[in-house]
**Q** 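This is the structure, below, for whatever I ask next.
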Number of protein chains: 2
Amino acid sequence: MLNVSSNPADLLPQARIRLAALELFGQQGFDQTTIRQIATRAGVSPGLVIHHFGSKNDLRQACDDYAYRLFAEERVYLKGSGPMPTLERFMADHPDLQPVLAYLVQCLRGGGEGAERVYRLFCSLSDEMLTEAEQQGLLSLPEDRQAAIAVFAAWAAGLQMLGDLFARQLGGQHISDPDVMRRYAVVTTELLSRGLLSASFTDMLRSVIEPSDHKESNT
Amino acid sequence: MLNVSSNPADLLPQARIRLAALELFGQQGFDQTTIRQIATRAGVSPGLVIHHFGSKNDLRQACDDYAYRLFAEERVYLKGSGPMPTLERFMADHPDLQPVLAYLVQCLRGGGEGAERVYRLFCSLSDEMLTEAEQQGLLSLPEDRQAAIAVFAAWAAGLQMLGDLFARQLGGQHISDPDVMRRYAVVTTELLSRGLLSASFTDMLRSVIEPSDHKESNT
DNA sequence: CAACATGTTGAACCTGTGTTCAACCGATGT
DNA sequence: ACATCGGTTGAACACAGGTTCAACATGTTG
């Protein structure tokens, strides 16, 4: 079990800097965060930040690697964390990972290569979760598995990116608010069990989309 | 019908500046875009940008208002644009609005007040679309309508924010790629018609979520 | 104790960028 | 022809923030 947040004062300066950067990048984004802010938060001088990490961009890279590895390695905990192992439920069980998730979400926001990596991670996590659930007969995925997984990952990622906006729309403060989570769970369960579309409308859509020549290619 | 992109050279400098800013902000984000870039693109000097708009932030505000109004007023076109009037299909019919959508998506990425406004817009558009479809018997929303709409809006917004990442995961370049759109449409239709979860699993989830005391409050 | 390596500081430097401003241009009115 | 005035320019200014570097502290070795 990796240790994210024992008393920062006990950590070596280098680790304190990385932690401070991770938190600030996650809260404010990369551009809005200055090296001086990071240094202050880590109780250290600006020069030391550069001395240890080379540049602000290299520091970002270090945070990327750290957050990515940390989150990816915790994937084992995804299994067996409650009935429907959604990201939200997982986070409820691991509040200490919250800054890491916030950081990854900021990566998604930022776009570019960092975002791609994180989205891929979300896809692979969704894949594992859904595959296991399917093997247990809890659900059955559409024929185009890859697309289905990409959609699920996008839904999860999007919800995290919207973050508080979504919660506020439901009268809460944060996604983790019990009331928000409950309403979200209820609606999602309903949509994904009985469906949403009427039978006739479904037929009409199918004919329009021309689901003929199926071909799954690529990676 | 509002005119976004007739030949920019014909527009007044003030309009050219606003357009250039909208496009650049939409492509690169607010922070990465410099006033000089905007000025160059608009074929104008940096000073004039400030002279007309006061400051970079005020220029952003002007773009916000412009994009928001433009997109909100086009909502009439949402109705009657194909069978399932999703945002993707709407954009396919209105390619000239693409920079505006890109700008709004960047607002979402940026967070804060601008993002809230845009997400609210997405919610109200989803509301209109779903309500109309429901009245026509094409679908039936969950009991907690507000939550369902918030979820749909979040899905749509999230997909736009992920943007090319999602498309690339499906071997395409952009969401508007016909192949990507088709696979997305097929999977979504399947998920939202026959559902995903098994009956027994659904029952189990329902009992866990304790869907007892329903109470819709707020707004 | 001297010599040295390592970690650390904080003032100074430099670039990029938002903003200011005095001058310029061209049309219009007198 | 001259004055006026809004639109326009681009050089100059101010400042924020990433980065450099000479100095300092501390511990370690010969």
Side-chain angles (χ1 to χ4, degrees), chain A residues 6-66 103 106-107 109-114, chain B residues 6-66 103 106-107 109-114:
Chain A
S6 61
N7 192 352
D10 297 340
L11 298 167
L12 258 40
Q14 192 164 354
R16 281 209 312 275
I17 293 171
R18 200 193 324 116
L19 181 59
L22 188 97
E23 290 173 347
L24 287 173
F25 288 160
Q27 287 171 19
Q28 319 174 340
F30 182 73
D31 293 319
Q32 332 315 340
T33 303
T34 77
I35 286 192
R36 286 170 237 263
Q37 281 179 320
I38 296 170
T40 302
R41 175 154 206 159
V44 121
S45 74
L48 195 63
V49 176
I50 295 295
H51 175 256
H52 276 308
F53 291 91
S55 74
K56 193 185 177 188
N57 250 310
D58 291 342
L59 175 55
R60 188 230 294 265
Q61 190 62 47
C63 287
D64 278 355
D65 292 344
Y66 179 75
Y103 180 85
Q106 283 288 359
C107 288
R109 282 200 158 99
E113 200 159 338
Chain B
S6 60
N7 190 353
D10 297 341
L11 274 61
L12 258 41
Q14 191 163 355
R16 281 209 311 276
I17 294 170
R18 201 194 321 118
L19 181 59
L22 189 98
E23 290 174 347
L24 288 173
F25 288 160
Q27 287 171 19
Q28 318 174 341
F30 182 74
D31 292 320
Q32 332 316 344
T33 303
T34 78
I35 287 193
R36 284 170 238 264
Q37 280 179 320
I38 296 170
T40 301
R41 175 155 207 161
V44 121
S45 74
L48 195 63
V49 176
I50 296 295
H51 175 256
H52 277 307
F53 291 92
S55 74
K56 192 185 178 188
N57 251 309
D58 290 342
L59 176 55
R60 186 230 295 263
Q61 189 64 46
C63 289
D64 279 353
D65 292 345
Y66 179 74
Y103 179 85
Q106 282 288 359
C107 288
R109 281 202 159 98
E113 200 158 336

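Quick note: numbers below take in every heavy atom, side chains included, and nothing from hydrogens, waters or symmetry partners. We name chains A, B, ... by the order of the sequence lines, and we start the count at 1 in each one. Please read these numbers as outputs of a predicted model, since none were measured by experiment.
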**Q** In whole angstrom, what separates B/D58's CG from C/dG18's P?
**A** 14 Å
**Q** In whole angstroms, how far is the P atom of D/dG7 from the CD atom of B/Q14?
**A** 9 Å
**Q** Any sub-3.5 Å donor-acceptor pair from B/Q32's side-chain atoms to B/G29's backbone N or O?
**A** no
**Q** If you check the B/K56 side chain, which of C/dG18, D/dT19, C/dT9 turns out closest?
**A** C/dG18
**Q** In whole Å, what is the span from the CD1 atom of A/I17 to the P atom of C/dT9?
**A** 9 Å
**Q** Using whole Å, what does the distance between atom C1' of nucleotide C/dT17 and atom CG of B/L59 come to?
**A** 15 Å
**Q** Nearest whole angstrom, please: distance from the P of D/dG18 to the CZ of A/F25.
**A** 9 Å
**Q** What is the distance, to the nearest angstrom, from the CG atom on B/L48 to the P atom on C/dT20?
**A** 14 Å
**Q** Let's see if you can work this out: which of C/dG18, D/dT9, C/dT8 has an atom nearest to the side-chain heavy atoms of B/V44?
**A** D/dT9
**Q** Please report the distance, rounded to the nearest Å, between CD in A/Q32 and P in D/dA16.
**A** 16 Å
**Q** For the residue pair B/L59 and B/I38, establish whether any side-chain heavy-atom pair is separated by less than 4.5 Å.
**A** yes
**Q** Before giving the answer on side-chain contact (heavy atoms from CB on, under 4.5 Å), spell out for B/R109 and B/F30 the whole-Å C-alpha distance, their side-chain angles and the decisive distance to 0.1 Å.
**A** CA-CA 10 Å; B/R109 281 202 159 98; B/F30 182 74; over 6 Å; no
**Q** Test B/D65 against B/Q61 for side-chain contact (heavy atoms from CB on, under 4.5 Å), laying out the working first.
**A** CA-CA 6 Å; B/D65 292 345; B/Q61 189 64 46; 3.5 Å; yes
**Q** Can you find an N or O donor on one side and an acceptor on the other, under 3.5 Å apart, linking the side chain of B/R36 with the base of C/dG18?
**A** yes
**Q** Report the distance from atom CG of B/D31 to atom P of C/dG18, rounded to the nearest whole Å.
**A** 9 Å
**Q** Given D/dT8, C/dT19, C/dT8, which nucleotide is nearest the side-chain atoms of A/H51?
**A** C/dT8
